[in-house]
Amino acid sequence: VTFTTPTAADAAASDVDVMCLPSSGSSFQIGMTTVTCTATDDSGNISVCSFDIQVVDTTPPVISTCPANMYNVEASAPSGAAVTFTTPTAADAAASDVDVRLLYSSDSSYEVGITTVTCTATVDSGHISVCSFDIQVVDTTPPVISTCPANMYNVEASAQSGAAVTCTTPT
(Lines give C-alpha, C1' and ligand atoms only; values in the text may rest on other atoms or scores of the structure.)
Protein backbone atom coordinates (compact mmCIF):
# COMPACT_ATOMS: atom_id res chain seq x y z
CA VAL A 1 0.00 0.00 0.00
CA THR A 2 1.29 3.42 -0.91
CA PHE A 3 0.26 6.42 1.18
CA THR A 4 1.43 10.00 1.61
CA THR A 5 3.81 10.27 4.54
CA PRO A 6 2.66 12.96 6.98
CA THR A 7 4.68 16.16 7.22
CA ALA A 8 5.67 17.97 10.41
CA ALA A 9 6.99 21.41 11.32
CA ASP A 10 8.59 22.74 14.48
CA ALA A 11 8.90 26.42 15.53
CA ALA A 12 12.37 25.92 17.03
CA ALA A 13 13.83 23.36 14.62
CA SER A 14 14.40 23.52 10.92
CA ASP A 15 14.72 19.78 10.40
CA VAL A 16 11.96 17.38 11.50
CA ASP A 17 12.28 13.71 10.59
CA VAL A 18 9.03 11.78 10.02
CA MET A 19 9.09 7.99 9.93
CA CYS A 20 6.10 5.63 9.55
CA LEU A 21 5.93 1.97 10.45
CA PRO A 22 5.03 0.10 8.36
CA SER A 23 6.31 2.42 5.69
CA SER A 24 4.57 3.51 2.52
CA GLY A 25 5.00 0.88 -0.18
CA SER A 26 5.08 -2.00 2.33
CA SER A 27 3.06 -5.16 1.83
CA PHE A 28 0.01 -5.25 4.10
CA GLN A 29 -1.83 -8.45 5.02
CA ILE A 30 -5.56 -8.81 4.58
CA GLY A 31 -7.27 -7.19 7.54
CA MET A 32 -6.64 -4.05 9.59
CA THR A 33 -3.15 -2.63 10.16
CA THR A 34 -2.36 0.46 12.19
CA VAL A 35 0.38 2.68 10.77
CA THR A 36 2.22 4.74 13.38
CA CYS A 37 4.14 7.82 12.23
CA THR A 38 6.69 9.52 14.50
CA ALA A 39 8.01 13.07 13.99
CA THR A 40 11.30 13.86 15.77
CA ASP A 41 12.98 17.28 15.89
CA ASP A 42 16.66 18.11 16.46
CA SER A 43 16.07 18.40 20.23
CA GLY A 44 14.63 14.86 20.44
CA ASN A 45 11.05 16.00 20.91
CA ILE A 46 8.59 13.47 19.53
CA SER A 47 5.06 13.71 18.15
CA VAL A 48 3.05 10.66 17.07
CA CYS A 49 0.04 10.12 14.83
CA SER A 50 -1.51 6.91 13.63
CA PHE A 51 -4.05 5.76 11.07
CA ASP A 52 -5.51 2.45 9.95
CA ILE A 53 -5.25 0.70 6.60
CA GLN A 54 -7.76 -2.04 5.89
CA VAL A 55 -6.95 -4.51 3.14
CA VAL A 56 -9.93 -6.51 1.86
CA ASP A 57 -10.29 -9.35 -0.59
CA THR A 58 -13.44 -8.93 -2.69
CA THR A 59 -12.21 -10.67 -5.81
CA PRO A 60 -13.26 -14.30 -6.40
CA PRO A 61 -10.81 -16.85 -7.78
CA VAL A 62 -10.33 -16.97 -11.54
CA ILE A 63 -11.09 -20.25 -13.30
CA SER A 64 -8.92 -20.85 -16.32
CA THR A 65 -9.17 -23.57 -18.93
CA CYS A 66 -12.89 -24.24 -18.48
CA PRO A 67 -13.63 -26.74 -21.25
CA ALA A 68 -15.84 -25.79 -24.18
CA ASN A 69 -19.15 -27.55 -24.74
CA MET A 70 -18.72 -31.03 -26.18
CA TYR A 71 -21.61 -31.88 -28.50
CA ASN A 72 -22.27 -35.05 -30.50
CA VAL A 73 -19.99 -37.42 -28.59
CA GLU A 74 -20.88 -40.83 -29.95
CA ALA A 75 -22.06 -43.44 -27.43
CA SER A 76 -19.67 -46.39 -27.25
CA ALA A 77 -21.73 -48.62 -24.93
CA PRO A 78 -25.34 -48.98 -23.78
CA SER A 79 -24.44 -46.84 -20.74
CA GLY A 80 -23.25 -43.96 -22.96
CA ALA A 81 -19.66 -42.84 -23.46
CA ALA A 82 -16.56 -42.23 -21.35
CA VAL A 83 -15.67 -38.58 -21.97
CA THR A 84 -12.25 -37.10 -21.28
CA PHE A 85 -11.65 -33.38 -20.78
CA THR A 86 -9.03 -31.16 -19.17
CA THR A 87 -9.91 -30.49 -15.54
CA PRO A 88 -10.27 -26.74 -14.99
CA THR A 89 -7.72 -24.92 -12.83
CA ALA A 90 -8.15 -21.79 -10.74
CA ALA A 91 -5.98 -19.14 -9.09
CA ASP A 92 -6.61 -16.35 -6.60
CA ALA A 93 -4.41 -13.29 -6.04
CA ALA A 94 -5.03 -13.26 -2.27
CA ALA A 95 -5.12 -17.02 -1.55
CA SER A 96 -2.54 -19.68 -2.23
CA ASP A 97 -5.02 -22.55 -1.88
CA VAL A 98 -7.98 -22.74 -4.27
CA ASP A 99 -10.32 -25.71 -3.89
CA VAL A 100 -11.53 -26.82 -7.35
CA ARG A 101 -14.39 -29.32 -7.47
CA LEU A 102 -16.33 -30.86 -10.35
CA LEU A 103 -19.88 -32.19 -10.24
CA TYR A 104 -18.81 -34.82 -12.81
CA SER A 105 -15.22 -35.77 -13.57
CA SER A 106 -13.18 -36.46 -16.67
CA ASP A 107 -13.24 -40.09 -17.87
CA SER A 108 -16.66 -40.63 -16.28
CA SER A 109 -19.35 -42.44 -18.22
CA TYR A 110 -21.97 -40.02 -19.51
CA GLU A 111 -25.45 -41.23 -20.48
CA VAL A 112 -27.04 -40.48 -23.85
CA GLY A 113 -28.38 -36.92 -23.62
CA ILE A 114 -26.98 -33.63 -22.34
CA THR A 115 -25.14 -33.43 -19.02
CA THR A 116 -24.02 -30.08 -17.61
CA VAL A 117 -20.66 -30.33 -15.85
CA THR A 118 -20.19 -27.66 -13.18
CA CYS A 119 -16.80 -26.59 -11.82
CA THR A 120 -16.64 -24.63 -8.54
CA ALA A 121 -13.51 -22.84 -7.29
CA THR A 122 -13.59 -21.75 -3.63
CA VAL A 123 -11.10 -19.94 -1.38
CA ASP A 124 -10.98 -19.67 2.42
CA SER A 125 -12.45 -16.16 2.34
CA GLY A 126 -15.64 -17.72 0.96
CA HIS A 127 -15.40 -16.32 -2.54
CA ILE A 128 -16.62 -18.69 -5.22
CA SER A 129 -16.32 -18.83 -8.99
CA VAL A 130 -18.27 -21.23 -11.18
CA CYS A 131 -17.95 -22.36 -14.76
CA SER A 132 -19.95 -24.99 -16.57
CA PHE A 133 -20.04 -26.75 -19.89
CA ASP A 134 -22.29 -29.31 -21.58
CA ILE A 135 -21.47 -32.81 -22.72
CA GLN A 136 -23.93 -34.27 -25.21
CA VAL A 137 -23.74 -38.00 -25.86
CA VAL A 138 -25.63 -39.21 -28.93
CA ASP A 139 -26.38 -42.60 -30.43
CA THR A 140 -26.34 -42.27 -34.22
CA THR A 141 -24.91 -45.71 -34.99
CA PRO A 142 -27.53 -48.11 -36.40
CA PRO A 143 -27.64 -51.68 -35.07
CA VAL A 144 -25.67 -54.30 -36.97
CA ILE A 145 -27.43 -57.49 -38.04
CA SER A 146 -24.85 -60.19 -37.77
CA THR A 147 -26.87 -63.20 -38.94
CA CYS A 148 -29.63 -62.89 -41.51
CA PRO A 149 -31.47 -65.99 -42.83
CA ALA A 150 -30.74 -67.00 -46.39
CA ASN A 151 -33.29 -66.53 -49.13
CA MET A 152 -35.87 -69.34 -49.21
CA TYR A 153 -37.11 -70.05 -52.76
CA ASN A 154 -39.76 -72.51 -53.89
CA VAL A 155 -41.48 -73.06 -50.53
CA GLU A 156 -44.50 -75.24 -51.26
CA ALA A 157 -47.89 -73.72 -50.37
CA SER A 158 -49.70 -75.74 -47.72
CA ALA A 159 -52.98 -73.84 -47.89
CA GLN A 160 -54.85 -71.45 -50.17
CA SER A 161 -53.39 -68.53 -48.23
CA GLY A 162 -49.79 -69.65 -48.73
CA ALA A 163 -47.35 -71.46 -46.49
CA ALA A 164 -46.24 -71.24 -42.86
CA VAL A 165 -42.50 -70.61 -42.88
CA THR A 166 -40.19 -70.96 -39.90
CA CYS A 167 -36.84 -69.26 -39.85
CA THR A 168 -34.28 -68.12 -37.28
CA THR A 169 -34.77 -64.57 -36.00
CA PRO A 170 -31.85 -62.37 -37.08
CA THR A 171 -29.39 -61.30 -34.37
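Only heavy atoms go into these numbers, but all of them, side chains included; no hydrogens, no water, no symmetry mates. Index from 1, following the sequence.
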Quiz item: What are the two closest heavy atoms between A90 and A121, and how far apart are they?
Solution: CB-CB, 3.6 Å
Going by atom type alone, with no hydrogens or angles, which donor-acceptor pairs under 3.5 Å involve a side-chain atom of residues 42-56 and a protein atom two or more places apart or on another chain?
residue, atom, partner, partner atom, Å
N45, ND2, D41, OD2, 3.0
D52, OD1, T34, OG1, 2.7

Self-check item: V98 versus V123, closest heavy-atom pair with distance
Solution: CG2-CG1, 3.8 Å
Quiz prompt | Whether N72 side chain and E74 backbone form a donor-acceptor pair below 3.5 Å | solution = no
Quiz prompt | Distance in Å, M70 CE paired with T115 OG1, rounded so as to fall on 0.5 Å steps | solution = 11.5 Å
Quiz item: Taking a hydrophobic cluster as the set of Ile, Leu, Val, Met, Phe, Trp and Tyr residues connected by side-chain heavy atoms closer than 4.5 Å, whether directly or through intermediates, do L103 and Y110 fall within one such cluster?
Solution: yes
Quiz item: Between atom OH of Y104 and atom SG of C119, what is the distance when rounded to the nearest 0.5 Å?
Solution: 14.5 Å
Self-check item: Non-hydrogen atoms of P22 and V35 that approach each other most closely
Solution: O-CG1, 3.5 Å
Quiz item: Can you get from V112 to F85 by hopping between Ile, Leu, Val, Met, Phe, Trp and Tyr side chains that sit under 4.5 Å apart?
Solution: yes
Quiz item: Between V100 and I63, is there a shared hydrophobic cluster once you connect ILVMFWY residues whose side-chain heavy atoms come closer than 4.5 Å?
Solution: no
Quiz item: Considering all heavy atoms of both residues, which atom of S158 and which atom of A164 are nearest to each other, and what is their separation?
Solution: OG-N, 4.1 Å
Quiz item: In Å, rounded to the nearest 0.5 Å, how long is the span from NE2 of H127 to CG of D92?
Solution: 8.5 Å
Quiz prompt | Reported OG1-to-CG distance for the pair T36 and L21, which is rounded to 0.5 angstrom | solution = 7.5 Å
Quiz prompt | hydrophobic_cluster_shared for V117 and Y71, side chain cutoff 4.5 Å | solution = no
Self-check item: Side-chain (S24) to main-chain (T4) donor-acceptor, under 3.5 angstrom
Solution: no
Quiz item: If you round to the nearest 0.5 Å, how far is CZ of R101 from OG1 of T122?
Solution: 7.5 Å
Quiz prompt | D99 CG: over 12 foreign heavy atoms closer than 6.0 Å | solution = yes
Quiz item: Of the non-hydrogen atoms in S109 and S79, which two are nearest, and what is the gap between them?
Solution: OG-OG, 3.6 Å
Quiz item: In Å, rounded to the nearest 0.5 Å, how long is the span from OG1 of T38 to CG of D17?
Solution: 11.0 Å
Quiz item: Should I30 and F3 be regarded as members of a common hydrophobic cluster, given that ILVMFWY residues are connected when their side-chain heavy atoms come within less than 4.5 Å of each other, either directly or indirectly?
Solution: yes
Practice problem: For S106 and T84, indicate whether the former's side chain and the latter's backbone hold a donor-acceptor pair under 3.5 Å. | Solution: no
Quiz item: How close do C20 and T5 get, heavy atom to heavy atom, and via which atoms?
Solution: SG-CG2, 3.9 Å
